[in-house]
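Accompanying notes for the structure given below.
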Amino acid sequence: MRDDLMTIYLLPLFWMLLGIGGILGVVLGGTAYLTYAERKVLGAIQLRKGPNVVGPFGLLQPMADGLKVMFKETIIPSGANVGLFIAAPVFTFLLALSAWAVIPFDAGLVLANINVGILYLLAISSLGVYAIIIAGWASNSKYALLGGLRSAAQMVSYEVSIGLIIVTVLLQAGTLNLSKIVEAQKDGWYIFSILLPMAVLFFASALAETNRSPFDLPEGESELVGGFNTEYSAMIFAMFFLGEYANMILMSAMMTVLFLGGWLPPLAALGFVPGFVWFAMKIVLCLFVFLWVRGTLPRYRYDQLMRIGWKFFLPLSLLWVVVVATVKMVGEAG
Amino acid sequence: MADSFLVDYAPIAVFMTIATFVALAAVALSFLLAKHRPDKQKNAPYECGFPPFGDARAKFDVRFYLIAILFIIFDLEIAFLFPWAIVLGDIGWLGFGSMMVFLGVLTVGFIYEWKKGALEWD
């Protein structure tokens with residue numbers, strides 16, 4: 001009886017808590033060092049040094065920033081709806097973390113191997129819009145409201161094309177389970193197939209979805225001050241900030257799972273390197289492109305942003321759904 | 001076990017609970033550690049240094065609503081496409097054809113709203 005208790009409940013519970021702790025550690029650590037990497041990469045692109053004072057090569061900079069933010073005064077604007085004002089960043093942060101529960105880091109190395117993983121990811125990333133709208137509204141400030149509206153419109157516009165792009169991957173893979181989508185790419189990653197244009201489109205939509213440059217209109221400081229987080233300060237601002245960076249890593253992970261073959265090595269001969277190392281390397285590559293784009297491209301105008309979303313990305317991804325489905329049907333019939 | 005399907009989701013529930021706790025703890029800690037000296041000027045909504053005039057919850061462009069409505073239509077379509085994409089191999093040309101008709105109807109609507117200028121943004 002006692003053995004049953006051990007093996008059926010306590011042991012899985014222990015592994016689950018260990019897994020949760022591991023994921024939280026990896027994601028939060030990754031987020032902290034992504035902010036450092038961004039400043040270093042931007043520095044290199046602009047022929048500067050970037051942070052180099054706190055610790056060797058400035059490696060302790062994220063810790064210093066975290067501590068500083070912790071001790072800052074939280075300013076709550078007089079007209080704000082206090083409850084919603086504080087709930088919005090917490091919600092953003094929570095969503096950015098909880099999406100990681102279904103990401104497969106390696107074969108079998110996933111916290112919750114649910115059979116509708118990709119649907120879960122889509123649902124969680126859709127919910128992010130609520131936090132933005134709530135933040136913009138609860139601040140009771142003109143800039144925050146406008147920034148929130150813009151941000152929400154932008155996110156839902158690009159979510160449509162992300163959804164259609166995911167459908168093209170599903171047509172190829174025939175499953176909603178993320179681990180099985182990776183395994184379906186054993187004979188060739190989807191980026192090197194008919195889905196190549198969709199991979200490019202997915203990356204561009206991911207930039208828009210995470211409100212990153214060149215689509216960082218919501219934070220277009222020359223017109224909107226800070227966008228939806230104009231009134232935020234201290235820790236609740238850091239929540240938005242960390243949420244945005246965690247979402248960048250998440251989008252890179254989705255890109256890796258859907259198009260870059262997840263944990264699979266690029267060559268079978270390189271199979272001796274553990275899968276999660278490949279997974280991490282592919283994510284780092286995607287993140288570097290995120291930063292590279294930010295250092296290189298100018299910002300879009302809002303009407304251009306909406307035009308490219310609705311008049312180019314959407315029709316093209318819709319067309320590609322039809323093309324991929326037709327190719328699949330003809331291939332199976334012939 | 002009948003509910004083994006739901007057991008897969010248990011780690012997600014635990015994960016969300018812990019993540020909520022972490023987020024709330026960080027915010028609470030900052031409220032405890034930091035000094036708070038609010039005053040009237042500091043707490044005023046940001047407005048380029050001027051005292052705010054008018055209500056922040058003013059009228060805004062109706063296009064944002066339009067975008068939201070279009071989004072709902074296309075998101076529903078994607079919700080239809082998901083199961084179809086999974087079972088396409090099993091439902092044959094009939095299933096393929098039905099979805100093409102559905103997409104065709106949707107495309108006609110899309111062309112209509114394009115021509116009507118619903119996607120213009122100036």
Return yes when atom NZ of Lys180(A) has more than 12 non-hydrogen atoms of other residues, nucleotides or ligands closer than 6.0 Å, and no otherwise. no

Part of Thr326(A) within contact of chain B (heavy atom distance under 4.5 Å): both

Gly163(A) versus Phe82(B), closest heavy-atom pair with distance: O-CE1, 4.2 Å

Which region of Thr175(A), side chain (C-beta onward) or backbone (N, CA, C, O), has a non-hydrogen atom less than 4.5 Å from a non-hydrogen atom of chain B, or is it both or neither? backbone

Contact class of Met99(B) relative to chain A, heavy atoms under 4.5 angstrom: neither

Is there side-chain contact between Phe74(B) and Ser161(A), with heavy atoms separated by less than 4.5 Å? no

pair Phe64(B)-Arg150(A): side-chain heavy atoms closer than 4.5 Å: yes

Under a 3.5 Å distance rule, please check whether Glu73(A) uses its side chain to pair with a backbone N or O of Arg37(B) as donor and acceptor. yes

Are Tyr9(B) and Val102(A) close enough that some pair of their side-chain heavy atoms sits under 4.5 Å apart? no

Side chain, backbone, both or neither: which part of Phe91(A) has a non-hydrogen atom closer than 4.5 Å to chain B? neither

Select one option (side chain, backbone, both, neither) describing which atoms of Phe96(B) are under 4.5 Å from chain A's heavy atoms. side chain

To the nearest 0.5 Å, atom CG of Leu314(A) lies from atom CZ of Phe110(B) at 4.5 Å

Trp114(B), CH2: over 12 other non-hydrogen atoms inside 6.0 angstrom: yes

Measuring from atom CG of Leu17(A) to atom CD1 of Ile18(B), what distance do you get when rounded to the nearest 0.5 angstrom? 5.5 Å

Would you say that more than 12 heavy atoms from the other residues, nucleotides or ligands in this model lie under 6.0 Å from the OH of Tyr65(B), or not? no

Pair Ile12(B), Ser98(A) - check side chain to side chain contact (heavy atoms under 4.5 Å, CB included), show working. CA-CA 7 Å; Ile12(B) 295 180; Ser98(A) 48; 5.8 Å; no

Please look at Val129(A) and chain B and tell me whether the side chain, the backbone, both or neither of the residue comes under 4.5 angstrom of a heavy atom of that chain. neither

Just give me the residue among Leu94(A), Val167(A), Val90(A), Asn140(A) that pairs up with chain B most often, heavy atom to heavy atom, under 4.5 Å. Asn140(A)

Closest contact, heavy atoms only, Ile114(A) versus Asp8(B): CG2-O, 3.7 Å

Under 4.5 Å from any heavy atom of chain A, what part of Trp93(B) do you find: side chain, backbone, both or neither? both

For chain B, the option from Ala234(A), Pro77(A), Gly19(A) that forms the most heavy-atom pairs under 4.5 Å: Pro77(A)

Student check: side-chain heavy atoms of Pro11(B) and Ile20(A) closer than 4.5 Å: no

If you count heavy-atom pairs within less than 4.5 Å of chain B, which of Gly21(A), Ala238(A), Pro315(A), Ser126(A) leads? Pro315(A)

Of all the heavy-atom pairs spanning Phe15(B) and Leu97(A), show the shortest one and how long it is. CE2-O, 3.1 Å

Working to the nearest 0.5 angstrom, can you tell me the gap between Ser157(A) OG and Leu70(B) CG? 8.5 Å

Using non-hydrogen atoms only, which part of Met70(A) is less than 4.5 Å away from chain B: side chain, backbone, both, or neither? both

Top of Leu122(A), Ile236(A), Leu318(A) for chain B proximity - count of heavy-atom pairs under 4.5 angstrom: Leu318(A)

Scored by heavy-atom pairs under 4.5 Å with chain A, the best of Leu33(B), Ile78(B), Leu29(B) is Ile78(B)

Please give me the minimum heavy-atom distance between Met16(B) and Ile124(A), naming the atom from each residue. CE-CD1, 3.8 Å

Does any part of the side chain of Leu119(B), heavy atoms only, come nearer than 4.5 Å to the side chain of Arg307(A), both counted from C-beta? no

Quick check: do Lys311(A) and Glu120(B) have side-chain heavy atoms less than 4.5 Å from each other? yes

Please tell me if the side chains of Phe93(A) and Thr20(B) come closer than 4.5 Å, counting only heavy atoms from C-beta onward. no

With a 4.5 angstrom heavy-atom cut-off, could you sort out which part of Ile86(B) is near chain A: side chain, backbone, both or neither? both

So, do Leu13(A) and Val14(B) sit near enough that their side-chain heavy atoms are less than 4.5 Å apart? no

Atom CZ of Phe80(B) with >12 non-hydrogen neighbours under 6.0 angstrom: no

Calculate, to the nearest 0.5 Å, the distance between atoms CD1 and NE2 belonging to Ile75(A) and His36(B) respectively. 9.5 Å

Can you name the nearest heavy-atom pair linking Met239(A) to Ala26(B), along with the distance? CE-CB, 3.5 Å

Region of Leu242(A) in contact with chain B, defined by heavy-atom distances below 4.5 Å: neither

Which one wins on heavy-atom pair count under 4.5 Å against chain A: Ile67(B), Ile72(B), Leu81(B)? Ile67(B)

Residue selection (most heavy-atom pairs with chain B, distance under 4.5 Å) from Ala101(A), Pro89(A), Ala152(A), Ser141(A): Ser141(A)

Measuring from atom CZ of Phe71(B) to atom CE of Met155(A), what distance do you get when rounded to the nearest 0.5 angstrom? 10.0 Å

